[in-house]
Amino acid sequence: MGKTLFEKVWEKHSIDLSGNPSAPPQEENKNLIYIDLHLVHEVTSPQAFDGLRLANRKIRRPDLTFATMDHNVPTKDRDKPVKDQISAKQMEYLAKNCKEFGVTLYDLNDFNQGIVHVIGPELGLTLPGKTIVCGDSHTSTHGAFGALAFGIGTSEVEHVMATQCLVQTRPKTMRVNFKGSLKPGIYAKDMVLALIGKIGTAGATGYVIEYAGEAIEKLSMEGRMTICNMSIEAGARAGMIAPDAKTFEYIKGKEYSPTGENWEKAVSYWKTLVTDADAVFDTEVEIDCNQLTPQVTWGTSPGMVQGIHTELPNPSSAPDDVTAGSWKKALEYMDLEAGLKISDIKLDKVFIGSCTNSRIEDLRVAASVIKGRKKADSIKLAMVVPGSHRIKQQAEAEGLDKIFTEAGFEWREPGCSMCLAMNDDVLEPGERCASTSNRNFEGRQGRGGRTYLVSPAMASLAAIHGHFVDATQEVTV
Amino acid sequence: MKEFKNLISSAAPLDAANVDTDQIIPKNFLKRIERTGFGQFLFYEWRFDMQGKENPEFVLNKKEFKDAKILLARDNFGCGSSREHAPWALQDYGFTVIIAPSFADIFYNNCFQNGILPIVLSSKNVDALFQHTLANPSAQYEIDLPSQKVISKDNSALQFSFEIRAALKEKLLKGLDDIGWTLQFANEIEHYEKNLQISFN
């Protein structure tokens with residue numbers, strides 16, 4: 001029987017323990033997996049470095065470990081000292097730790113600084129067939145390149161630092177087939193939101209998803225990253241997409257990408273990283289992209305998602321009591337009435353950014369739909385936060401920043417920003433925000449704040465209209 | 001790591017599905033560089049109002065549930081962010097057992113790194129524990145890891161077995177540290193690096 005993409009990468013990284021008397025019995029499903037790339041950021045690493053120091057351990061492979069600052073960083077006034085003293089301390093601590101343990105760090109003033117899941121691919125650190133981990137659940141993003149990439153907790157961060165390995169159970173495999181093609185105005189974000197709506201936020205718990213099908217093949221690398229990024233919102237350990245010519249083209253010439261003869265060798269290996277025709281998945285799911293409409297989340301979980309032309313659900317029609325309770329609680333928190341049209345929700349702020357949707361293609365789309373227009377007066381703030389300095393520079397070279405600022409949007413410095421609101425970019429209680437990020441949990445963007453997850457085109461258009469409109473009506477290409 | 005064998009305690013019923021780690025410990029408390037002291041911030045936005053006053057309606061603020069070391073929860077507990085601050089906060093607050101119909105993957109793993117036992121029971125059985133606890137807030141339960149049982153101390157009909165992977169059970173029973181375990185295989189790791197690791201540079 002053939003193998004899936006996941007199985008090929010997993011087996012290549014399973015360390016053979018069979019010659020050691022301490023090897024666990026196979027039925028325990030306890031595997032030691034070698035990690036090719038460890039990405040580190042300021043929030044989930046301090047306690048891991050402390051653990052190493054306490055046990056007098058070193059980082060086994062500092063050459064495979066790269067750090068940046070993204071979660072806490074301010075997105076404006078970067079020339080001034082960081083105002084938030086506790087955040088500043090966390091960043092200083094990362095710098096001190098990286099120096100002590102010999103880890104490459106892209107700090108606040110480095111051109112390579114940016115959201116960890118944006119810069120990995122940009123630098124060519126993210127490559128097909130690698131195992132990649134980071135103390136951040138959205139590490140699944142890197143799976144867009146055919147890597148096996150997933151988020152870990154701080155104890156596991158310390159474990160990878162000390163051993164370059166992780167103890168893992170072998171997950172099950174799921175294939176999601178995105179059939180058909182996308183209409184203009186429908187994007188990768190709508191695909192993945194529709195998937196989460198269909199299978200639920202725990203629908204893929206225990207699985208690694210492989211995304212496949214015509215619509216996936218047609219997607220750019222940016223779109224593929226958006227989809228893999230939100231695998232975790234479906235509960236999956238990781239999401240993967242088989243590498244193809246687009247993948248190789250994206251990687252070629254990046255700072256850490258193989259060159260010359262090594263490039264040829266790499267590509268011929270990467271071409272083997274596809275699911276064999278006779279491979280079997282534990283489960284398969286199908287989404288018909290021809291039927292997709294722009295997706296908007298209305299509640300406090302990414303699974304509470306519907307098309308733009310629908311109305312908010314009534315808890316009395318929920319399939320069971322627990323769901324009814326969740327819907328009721330979500331409607332209360334969001335201060336919305338069952339039956340209200342999604343397009344009638346009035347918005348206060350717009351956030352375009354995050355590891356889900358802050359890449360150049362996202363910014364191009366967001367800018368193109370508002371060119372020459374102005375944000376609605378009722379929108380108190382519309383902000384664009386590029387994922388990295390490279391993206392910011394590229395966008396500025398294309399004049400996108402001007403389109404945004406002329407429309408009344410703010411153009412900021414790279415970081416996680418209002419996706420999780422650890423810096424100063426925070427919603428006020430009660431505010432409603434159209435956001436291109438990945439989580440609409442209670443208080444995620446600020447205590448009492450209300451988040452609606454959408455694609456960059458939907459967010460950008462919402463800033464112009466003050467409410468959601470159907471992107472397919474305004475986008476023709 | 002502290003070991004876990006058994007426990008007798010009351011339980012706090014947190015009746016919400018998809019409780020995410022942002023709720024368990026909001027991001028404004030992730031800026032600390034220590035591993036300790038997170039319990040005071042557990043479920044902060046549910047426990048306290050905007051002025052920092054206790055919300056009397058929230059289950060953990062009710063007198064009868066203050067001493068519970070078992071948390072009853074619904075499906076997909078611990079979803080969202082990978083922050084280990086969530087189990088740190090739960091443990092620091094006093095919870096060592098969480099019972100739910102399902103847990104999010106990363107959170108589940110993080111519990112075992114911190115001596116917390118997450119128990120998966122069927123929705124029906126979790127519901128029975130909710131009903132019993134709501135009717136008898138001081139009801140005591142015995143959690144026995146060696147025999148993999150949840151036993152009501154005042155209702156002998158209420159007794160459930162749970163599944164747990166052998167490796168994780170042993171890890172909790174002995175308080176094992178993963179790094180120590182992995183380092184037994186230093187030779188195998190080195191062999192992998194020398195002979196099998198893929199590198200194109």
Side-chain angles (χ1 to χ4, degrees), chain A residues 12 15-17 19-20 22 24 28-30 32 34 36 43-44 46-47 50 55 72 86-87 89-90 93 129 135-137 151-156 158-159 162-165 167 169 201-202 205-206 235 237 258 262 265-266 269 301 322 325-326 329 420-422 429 439 441-444 447, chain B residues 1 15-18 20-23 26-28 30-35 44-46 50 74-76 79-88 102-107 109-110 113-114 123 165-167 170 178-179 181-189 191-193 196-201:
Chain A
K12 196 101 188 164
I15 297 182
D16 180 7
L17 308 178
N20 190 312
S22 304
E28 274 192 19
N29 192 6
K30 191 173 180 178
L32 201 57
Y34 197 84
D36 294 322
V43 176
T44 58
Q47 297 86 352
D50 282 348
N72 268 342
I86 316 173
S87 293
K89 192 178 162 198
Q90 211 170 40
Y93 204 56
D136 187 283
S137 58
I152 54 177
T154 298
S155 295
E156 291 177 315
E158 185 183 335
H159 189 281
T163 67
Q164 204 57 34
C165 296
V167 181
T169 54
T201 50
T205 302
R237 175 127 16 126
N262 283 334
K265 258 167 52 189
Y269 169 58
S301 161
V322 173
S326 297
K329 196 160 170 277
L420 85 166
M422 269 192 87
R439 287 185 178 138
F441 299 152
E442 280 185 32
R444 172 79 177 180
R447 186 164 185 184
Chain B
M1 197 185 74
D15 194 4
N18 298 310
D20 57 77
T21 52
D22 273 84
Q23 300 320 313
K27 70 264 176 180
N28 27 327
L30 306 187
K31 294 176 184 174
R32 299 161 60 93
I33 56 174
E34 301 84 14
R35 237 176 211 265
Y44 191 86
E45 293 179 5
W46 288 346
M50 289 286 189
R74 299 289 188 184
D75 260 315
N76 204 23
C79 60
S81 157
S82 61
R83 59 188 71 167
E84 198 164 318
H85 310 68
W88 293 340
S102 62
F103 291 90
D105 202 36
I106 304 175
F107 177 82
N109 280 329
N110 282 342
Q113 305 289 351
N114 292 283
S123 295
R165 289 210 328 278
E170 191 197 353
D178 272 352
I179 296 179
W181 183 85
T182 301
L183 288 176
Q184 304 173 92
F185 304 105
N187 288 339
E188 283 79 2
I189 297 171
H191 177 263
Y192 179 90
E193 284 175 330
L196 299 162
Q197 193 185 357
I198 307 163
S199 171
F200 298 110
N201 293 320

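As the structure is a computational prediction, the values presented were derived from the model and not from experiment. Sequence lines set the chain letters: A, B, ... in the order given, protein chains first and strands last, and positions in each chain run from 1.
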**Student:** I'd like to know which of B/His85, B/Arg83, B/Gln113, B/His191 tops the heavy-atom pair count under 4.5 Å against chain A.
**Tutor:** B/Gln113
**Student:** Under a 4.5 Å cutoff for heavy-atom pairs, which residue among A/Ala202, A/Ser155, A/Ala421, A/Gly325 has the most contacts with chain B?
**Tutor:** A/Ser155
**Student:** Determine whether a donor-acceptor pair (N or O, by modelled atom type, separation under 3.5 Å) exists between the side chain of A/Lys89 and the backbone of B/Lys31.
**Tutor:** no
**Student:** Checking B/Arg35 against chain A: side chain, backbone, both or neither under 4.5 Å from a heavy atom?
**Tutor:** both
**Student:** Quick one: does A/Val43's side chain get under 4.5 Å of A/Gln90's, heavy atoms only?
**Tutor:** yes
**Student:** Would you kindly say whether B/Ser81 and A/Arg444 are connected by a side-chain donor-acceptor distance under 3.5 Å?
**Tutor:** no
**Student:** Working to the nearest 0.5 Å, report the span between CD of A/Glu442 and OG of A/Ser301.
**Tutor:** 11.0 Å
**Student:** To the nearest 0.5 Å, tell me how far B/Tyr44 OH sits from B/Gln23 CD.
**Tutor:** 14.0 Å
**Student:** Measure A/Phe441 against the heavy atoms of chain B and call it side chain, backbone, both or neither at under 4.5 Å.
**Tutor:** both
**Student:** Which bit of B/Phe185 is near chain A, if near means a heavy-atom gap under 4.5 Å: side chain, backbone, both or neither?
**Tutor:** both
**Student:** Relative to chain B, which of A/Asn72, A/Leu32, A/Asp36 shows the most heavy atom pairs under 4.5 Å?
**Tutor:** A/Leu32
**Student:** Need one label for B/Ile179: side chain, backbone, both or neither, based on atoms under 4.5 Å from any heavy atom in chain A.
**Tutor:** both
**Student:** Under 3.5 Å, is there a donor-acceptor pair between the A/Asn20 and B/Gln184 side chains?
**Tutor:** no
**Student:** Relative to chain B, which segment of A/Lys12 carries a heavy atom at a distance below 4.5 Å: side chain, backbone, both, or neither?
**Tutor:** both
**Student:** Looking only at side chains, do A/Thr154 and A/Gln47 share a donor and an acceptor under 3.5 Å apart?
**Tutor:** no
**Student:** Let me know if A/Thr205 has heavy atoms under 4.5 Å from chain B in its side chain, its backbone, both or neither.
**Tutor:** side chain
**Student:** Return yes if a side-chain donor-acceptor contact under 3.5 Å exists between B/Asn76 and B/Ser102, otherwise no.
**Tutor:** no
**Student:** Tell me which of these, A/Asp50, A/Val167, A/Asn29, has more heavy-atom pairs under 4.5 Å with chain B than the rest.
**Tutor:** A/Val167
**Student:** Relative to chain B, which segment of A/Ala55 carries a heavy atom at a distance below 4.5 Å: side chain, backbone, both, or neither?
**Tutor:** neither
**Student:** Please identify, among B/Gly80, B/Ser123, B/Cys79, B/Ala17, the residue contributing the most non-hydrogen atom pairs under 4.5 Å to chain A.
**Tutor:** B/Gly80
**Student:** Below 4.5 Å, heavy-atom pairs only: which of A/Asp136, A/Leu17, A/Thr44, A/Val322 has the largest tally toward chain B?
**Tutor:** A/Leu17
**Student:** May I ask you to name which of B/Leu30, B/Asp15, B/Asn187 has the most heavy-atom pairs under 4.5 Å with chain A?
**Tutor:** B/Leu30
**Student:** Please round to the nearest 0.5 Å and tell me the distance separating atom CD of B/Glu45 and atom CG of B/Asn28.
**Tutor:** 6.5 Å
**Student:** Let's test your reading of the structure: which of A/Ser326, A/Ala162, A/Gly151, A/Ser22 forms the most heavy-atom pairs below 4.5 Å with chain B?
**Tutor:** A/Ser22
**Student:** In terms of heavy-atom pairs under 4.5 Å, which option from A/Glu28, A/Lys329, A/Glu156, A/Arg439 contacts chain B the most?
**Tutor:** A/Arg439
**Student:** Considering only heavy atoms, which portion of B/Phe107 lies under 4.5 Å from any heavy atom of chain A: side chain, backbone, both, or neither?
**Tutor:** neither
**Student:** CD of B/Glu84 to CG of B/Asn109: how many Å apart, nearest 0.5 Å?
**Tutor:** 10.0 Å
**Student:** If you round to the nearest 0.5 Å, how far is CH2 of B/Trp181 from CD of B/Glu170?
**Tutor:** 10.0 Å
